[in-house]
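All chains are named by letter (A, B, ...) in the order of the sequence lines, taking the proteins before the strands, and each is independently numbered beginning at 1.
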Protein chains: 2
Amino acid sequence: MIRIVVVDDHDVVRKGVIAYLETEADFQVIGEASSGEEGVEVVLKQKPDVVLMDLIMENGNGIEATKRIKEVIPDCKVIVLTSYYDDKQIFPVLEAGAFSYLLKTASAEEIVSAIKKAHHGENVIEPKVAHKVMTRFQGKQATLHDQLTDRELEVLICLANGATNQEIADQLFIGIKTVKTHVSNILRKLEVHDRTQAAVYAHRHHLL
Amino acid sequence: MIRIVVVDDHDVVRKGVIAYLETEADFQVIGEASSGEEGVEVVLKQKPDVVLMDLIMENGNGIEATKRIKEVIPDCKVIVLTSYYDDKQIFPVLEAGAFSYLLKTASAEEIVSAIKKAHHGENVIEPKVAHKVMTRFQGKQATLHDQLTDRELEVLICLANGATNQEIADQLFIGIKTVKTHVSNILRKLEVHDRTQAAVYAHRHHLL
DNA sequence: CGCAAACTCATACTTAAGACTGAGACAAAA
DNA sequence: TTTTGTCTCAGTCTTAAGTATGAGTTTGCG
């Protein structure tokens, strides 16, 4: 039995979805809400297995609600439903902790399938945006240098141009001790052992 | 009056060229030869202004002859004539000291023109190969790193991968003292002040 | 056969690099 | 307000880096 909460501010949509979901033998809709805030309350009280979350609602959006739900009940699978196709939505949604991401143009069968898959630990990402996610991850595979602060990046650029600590200090109008601190932090974050390797890293990753 | 020597092992070609050249009022053919060695002898004795040199001959090629002529009489303009188009020929020919480079498919007027230009200090390079020469020089504009020896280049590659002196020593099976010597020489030749700048140089010039 | 260049190694010296620790100022976020 | 992160700087210590000089070996070239 899969316990479900449906969150959507359009009554007709919510009621319709619930009605359809309950035709499934092993589905049990144990709560519903018409706003993000109300959704969080219901979820925290009912502790469902799966949440169907509308992304765009009048009172508080689905992202904030998802974030708060995942903070308290990490095991809860939140399936985000979005009305229209938009590239930029997907990343904040995933960062918020959403488990699956579907368009409302998806058929009822697809939604049922997504719920079952979510319950078994399988993610469902709308094909149109799935490849966006992939390219994003391929292009950003755990880049070490995005740990660097702005200042550290500045220092690294200077360093990768062949500047000495003293020259970097003069360029950035700071003390050589400060530069040494930055360089040490850079080396640690980039997981290298000296400035030459850091310079090589910078060039290989086209940081200048 | 332009004093000329013609070197070509094909009698008919040589005689024909000479006959045509003498129709020019200010041309004076003061010698001829049918081999490279003989050509050198004649040239050294006659000291002509211009030499028409066939590139490919049975007894000794035109390159060696050109080289020896330029060693003794640097002011002598050697115009090399080659039977067929070949990219690889041009560079040894120029290195030997040839002043101009023409194909035998060139018209009689072109040859006459080339001789006059040579006498006035103007080079003539067959258009088909001229751009080869240009690209060669553009691509090899005084690269600092071509001063490096093979071993130094190996060391530079290691260095530009972020290796320490000790690591380079281990990789190349030599002592760290030797590595230091190489590195010092590399830094001097590349006109940089430390290994980081050397690594930057290597990456900017795509040496690895 | 010299001769020059390249590769090798050594000693001694100087200095920049880097690690480690600690700390004050400041701004944004919880 | 307290916390957290960033930027700043200081002191101390260890070691890698780099310079300068000299020299032995090999290799190729005239």
Worksheet item: Is the shortest side-chain N/O distance from B/Thr178 to OP1 or OP2 of C/dC7 below 4.0 Å?
Response: no
Worksheet item: If you check the B/Thr149 side chain, which of C/dT8, C/dC7, D/dT19 turns out closest?
Response: C/dC7
Worksheet entry | Nearest-Å distance for atom pair CD/P, residues A/Gln197 and D/dA17 | 10 Å
Item to complete: Spell out yes or no: do the side chain of B/Lys180 and the base of D/dA17 have one donor N/O and one acceptor N/O closer than 3.5 Å?
Response: yes
Worksheet item: Counting side-chain heavy atoms from CB outward, which of C/dT11, C/dC7, D/dC7 is closest to B/Asp150?
Response: C/dC7
Worksheet item: How long is the line joining CD1 of A/Ile186 and P of C/dA19, in whole Å?
Response: 11 Å
Worksheet item: Between B/Thr181 and B/Asp194, which has a closest nucleotide on DNA chain C that is more 5'?
Response: B/Thr181
Worksheet item: Taking DNA chain D as the partner, which of residues 162-170 of chain A come within under 4.0 angstrom of it by heavy atom?
Response: none
Item to complete: Find the distance A/Leu156:CG to C/dG18:C1' and express it as a whole number of Å.
Response: 16 Å
Discussion item. Taking the side chain as everything from C-beta on, heavy atoms only, tell me whether A/Ser100 gets closer than 4.5 Å to A/Val80.
Written reply: no
Worksheet item: Is it true that A/Glu122 and A/Lys116 make a salt bridge, defined as a side-chain N closer than 4.0 Å to a carboxylate O?
Response: no
Worksheet entry | Any side-chain heavy-atom pair of B/Arg204 and A/Asn161 under 4.5 Å | yes
Worksheet item: Roughly, in whole Å, what's the span from CD1 in B/Ile176 to P in D/dA17?
Response: 7 Å
Item to complete: Between D/dC9, C/dA19, C/dT11, spot the one nearest the side chain of B/Lys177, thanks.
Response: C/dT11
Worksheet item: Are any non-hydrogen side-chain atoms of A/Glu154 and A/Gln171 less than 4.5 angstrom apart?
Response: no
Item to complete: Report the distance from atom CZ of B/Phe173 to atom P of C/dC7, rounded to the nearest whole Å.
Response: 17 Å
Worksheet item: Is any side-chain heavy atom of A/Ile4 less than 4.5 Å from a side-chain heavy atom of A/Val51?
Response: no
Worksheet entry | Side-chain N,O (B/His182) to OP1/OP2 (C/dT8) below 4.0 Å | yes
Practice prompt. Can you tell me the distance, in whole Å, between the CG atom of B/Leu148 and the P atom of C/dA5?
Written response: 16 Å
Practice prompt. Could you label the plane-to-plane angle of the A/His203 and B/His203 rings as parallel, tilted or perpendicular, counting under 30° as parallel and over 60° as perpendicular?
Written response: parallel
Discussion item. If you assign B/Ile174 and A/Leu187 each to the DNA chain C nucleotide with the nearest heavy atom, which residue ends up on the more 5' nucleotide?
Written reply: B/Ile174
Item to complete: State, with a plain yes or no, whether a side-chain heavy atom of A/Gln197 is found less than 4.5 Å away from one of A/Leu190.
Response: no
Worksheet item: Counting side-chain heavy atoms from CB outward, which of C/dA17, D/dT19, C/dT8 is closest to A/Arg195?
Response: C/dA17
Worksheet item: Between A/Leu190 (CG) and C/dG18 (P), how many Å, whole number?
Response: 12 Å
Discussion item. Using whole Å, what does the distance between atom P of nucleotide D/dT8 and atom CG of A/Asn185 come to?
Written reply: 12 Å
